[in-house]
Amino acid sequence: MSNKFGIAIHGGAGTILRSTMTPQLQEQYEQGLNNALNAGYSILEAGGSALDAVEAAVASLEDFPLFNAGKGAVFSNTGQHEMDAAIMNGKTLEAGAVCGISHVKNPVHVARAVMEHSGHVMLAGKGAEDFAKSQGMAMEDEDYFFTEQRYQQWQQAMKDDVVQLDHTDKKFGTVGAVALDQHGDLAASTSTGGLTNKKFGRIGDSPVIGAGTYANNNTCAISCTGVGELFIRSVVAYDISCLIDYKGLSLKDACDLVVKDKLVKIGGEGGLIAIDKDGNIEMSFNSDGMYRACKDSEGKCEVLIYG
Ligand code: ASP
């Protein structure tokens with residue numbers, strides 16, 4: 001039984017520069033990260049499960065309007081919020097995911113319910129929404145998800161006829177959490193609104209187990225953010241787990257190889273957070289910055305934004 005425990009979270013990677021940030025905005029982002037970090041860490045500290053910790057941290061990030069998940073999710077081409085989320089239990093390799101889901105206040109709670117109560121791994125669209133209702137999940141009307149900033153982004157994207165990664169300046173606002181608990185169990189979760197002005201039911205990597213989200217007690221837990229299509233094609237999260245499992249790489253070496261070499265070669269901008277079975281934490285990205293934070297039982301505590 002491992003006693004070391006810890007959590008890492010992210011609020012998206014991309015072109016995040018000091019020059020375009022105001023002190024007030026930076027403070028708000030740091031507050032949002034701190035709240036989520038502590039929501040997850042307090043569960044781990046009390047002896048709770050990694051699964052509960054990542055769910056609580058992601059739900060907190062979903063409720064924070066500056067990140068592209070839950071409240072504050074980007075607009076799709078039809079003016080809706082079509083959200084994706086996943087959660088995975090590293091102990092049992094059970095996983096749950098929803099994609100293209102609307103009206104649900106916290107997609108991460110639905111993903112967990114899919115894992116535990118649906119008999120399936122992934123539910124989509126209207127069916128996922130009906131399932132959420134059947135599970136008594138909190139639902140909201142479209143107004144709840146509206147934020148002026150996202151609306152303006154969508155209007156601009158429609159005018160330019162482009163599909164955008166969160167912001168025109170290539171900032172990915174997806175959120176995620178990974179954790180190791182006192183029992184030695186790992187878990188990962190990711191939640192996103194996807195791309196501004198996305199069409200035709202486009203789904204990214206976040207809810208795809210092995211691409212944007214993965215956890216396995218034998219190796220590590222991973223949550224990604226970035227250009228979803230390239231993260232799916234690179235099977236990023238599972239690739240890192242496999243590099244540790246099959247080749248004996250350290251978490252750091254596996255993350256460096258995938259994020260700073262393999263992804264870069266195919267234009268896969270973004271990053272990820274990872275924690276391994278020994279409690280090592282990596283927050284790796286190939287973009288200018290990534291909203292990220294981590295805290296562990298050995299006193300490590302970081303809240304960072306820039307590269
Ligand atoms: N990976 C997400 C997606 O492609 C986008 C993001 O990270 O913001 O849906």
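First listed ligand is number 1; within each ligand, the first listed atom is number 1. Since the model is a prediction, treat every value here as computed from it, not as a measurement.
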Under 3.5 Å, N or O to N or O, is Asn68 touching ligand 1 that way?
-> no

Of the choices Thr196, Leu272, Asp205, Val175, which has the non-hydrogen atom that lies closest to atom 1 (N) of ligand 1?
-> Asp205

Looking at ligand 1, does Gly194 have a heavy atom less than 4.0 Å from it?
-> yes

Region of Met290 that comes within reach of ligand 1 [heavy atoms, distance under 4.0 Å] = neither

For ligand 1, is there an N or O atom under 3.5 Å from any N or O atom of Gly228?
-> yes

Got Asn217 and Asp185 here, is their nearest side-chain heavy-atom distance under 4.5 Å?
-> yes

Pair His10 and Tyr291, ring centroids less than 6.0 Å apart | no

Salt bridge present between Asp161 and Lys199 (N-O < 4.0 angstrom) = yes

Going by the order shown, which atoms of ligand 1 are within less than 4.0 Å of some heavy atom of Gly173?
-> 8 (O)

Are any of the heavy atoms in Gly212 under 4.0 Å away from ligand 1?
-> no

Which heavy-atom pair separates Ser241 from Cys220 by the least distance, and what is that distance?
-> CA-SG, 4.0 Å

Looking at Thr225, which atoms of ligand 1 are within less than 4.0 Å of one of its heavy atoms?
-> 6 (C), 7 (O), 8 (O)

Any salt bridge between Asp276 and Lys252, counting N to O under 4.0 Å?
-> no

Under a heavy-atom criterion of less than 4.0 Å, does Arg202 contact ligand 1?
-> yes

Flag if over 12 foreign heavy atoms under 6.0 Å of OH, Tyr238 = no

Inter-residue atom distance Asp239.CG - Ile244.CD1, 0.5 Å rounding = 10.0 Å

